[in-house]
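Worth knowing before you read on, the calculation uses all heavy atoms, side chains too, and leaves out hydrogens, waters and symmetry mates.
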Amino acid sequence: MDQLELRTNMVLDFLKEENINVTDLDIISARSGALPNMKGGAYRINDLMIDILENRPIFQHAVNLSSIIAYCIASPLGIPAIIYDSEMMDEFEPYAKVTGLEGIERIPGCHALNIKRVAREVADKLGAPLESMNLIVVH
């Protein structure tokens with residue numbers, strides 16, 4: 001969290017170097033960070049998410065700054081900041097959470113967007129609907 005200002009300025013400097021004016025943006029999408037288990041999909045970044053990431057994330061990691069940076073940039077502009085398919089997305093079957101230690105469940109965490117994209121590409125190449133396939137995708 002002590003790098004929030006530094007990293008926010010790095011993002012703003014990069015956008016400026018690329019001639020992207022933040023006032024031209026309609027929405028900002030970011031990685032979610034270590035938020036508690038969520039279903040897949042889009043979520044608007046809000047004060048509760050920011051509070052969790054700042055004060056009680058599932059784990060400490062630089063990725064926790066992503067949503068906060070997006071929110072810091074979007075809020076003054078009056079535009080939404082969102083996350084999509086959180087890294088902590090929990091769509092695991094109950095048996096996938098078994099650790100072998102009583103009372104301790106596996107905490108889901110993966111790069112869901114990448115995994116879904118690869119699965120869609122495979123389905124497209126094979127000419128079959130994704131829903132009809134049984135795939136193992138390893139990230």
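Cluster annotation: I28 and V11 are assigned to the same hydrophobic cluster (Ile/Leu/Val/Met/Phe/Trp/Tyr, side-chain heavy-atom contacts under 4.5 Å, transitive). I82 and L53 are assigned to two separate hydrophobic clusters, defined by single-linkage of ILVMFWY side chains at heavy-atom distances under 4.5 Å. When hydrophobic clusters are built by joining Ile, Leu, Val, Met, Phe, Trp and Tyr residues whose side-chain heavy atoms come closer than 4.5 Å, directly or via intermediates, L65 is not grouped with Y84.
Heavy atoms of other residues, nucleotides or ligands lying less than 6.0 angstrom from CG of D26 number 12 at most.
Note that CD1 of I58 is 8.5 Å distant from CD1 of I52, once rounded to the nearest 0.5 Å. Between atom CD1 of residue I45 and atom OG of residue S66 there is a gap of 9.0 Å, rounded to the nearest 0.5 Å. In this structure, CG in L25 is found 5.0 Å from CD1 in I79, a value given to the nearest 0.5 Å.
Contact of the D51 side chain with the R56 side chain is registered, since non-hydrogen atoms from C-beta on lie closer than 4.5 Å. Within the 4.5 Å cutoff, side-chain heavy atoms of L135 are placed close to those of V122.
Under the 4.5 angstrom side-chain criterion for Ile, Leu, Val, Met, Phe, Trp and Tyr, the cluster partners of M10 are L6. Chaining together hydrophobic side chains whose heavy atoms lie under 4.5 Å apart places I104 alongside L101.
A donor-acceptor distance shorter than 3.5 angstrom exists from the side chain of D85 to the backbone of G41, with no hydrogens or angles considered. Panel note: side chain S75, backbone C72; no donor-acceptor pair is recorded below 3.5 Å.
Residues forming a side-chain contact (heavy atoms from CB on, under 4.5 Å) with K39 (at least two apart in sequence, or on another chain): Y43, E91. Partners of E54 under the side-chain contact (heavy atoms from CB on, under 4.5 Å) rule, at least two apart in sequence or in another chain, are M1, I50, I68. Applying the salt bridge (Lys or Arg N to Asp or Glu O under 4.0 Å) criterion to R117, with sequence neighbours excluded, gives E121. In this structure, the side-chain contact (heavy atoms from CB on, under 4.5 Å) partners of T8, at least two apart in sequence or on a different chain, are L4, L12, I69, I73. Contacts of K16 classified as salt bridge (Lys or Arg N to Asp or Glu O under 4.0 Å), with partners at least two apart in sequence or in another chain: none. D2 pairs by the salt bridge (Lys or Arg N to Asp or Glu O under 4.0 Å) definition with nothing, not counting sequence neighbours. For S32, the side chain to side chain donor-acceptor pair (under 3.5 Å) criterion is met by S86, E87, not counting sequence neighbours. With sequence neighbours excluded, the residues satisfying side chain to side chain donor-acceptor pair (under 3.5 Å) with N114 are H139. Taking N46 as the reference, L48, M49 meet the side-chain contact (heavy atoms from CB on, under 4.5 Å) condition, with sequence neighbours excluded. Applying the side chain to side chain donor-acceptor pair (under 3.5 Å) rule to R7 yields the partners Q3; only residues at least two apart in sequence or on another chain are considered.
Side-chain contact check for D13 and N9: no donor-acceptor pair (N or O, by modelled atom type) lies under 3.5 Å.
Of all heavy-atom pairs between V22 and L77, the closest is O-CD1, 3.4 Å. Here the closest heavy-atom approach between residue P76 and residue Y71 is recorded as CD-O, 4.4 Å. The minimum heavy-atom distance linking T99 with E105 is given by the pair CG2-C, 3.6 Å. A34 approaches N64 most closely through the heavy-atom pair N-OD1, 2.7 Å. Minimum heavy-atom separation, I83 to S67: CG2-OG, 3.3 Å. Residue M133 comes nearest to L126 through the heavy atom pair CE-CD1, 3.3 Å, listed as atom of the first residue, atom of the second, then distance.
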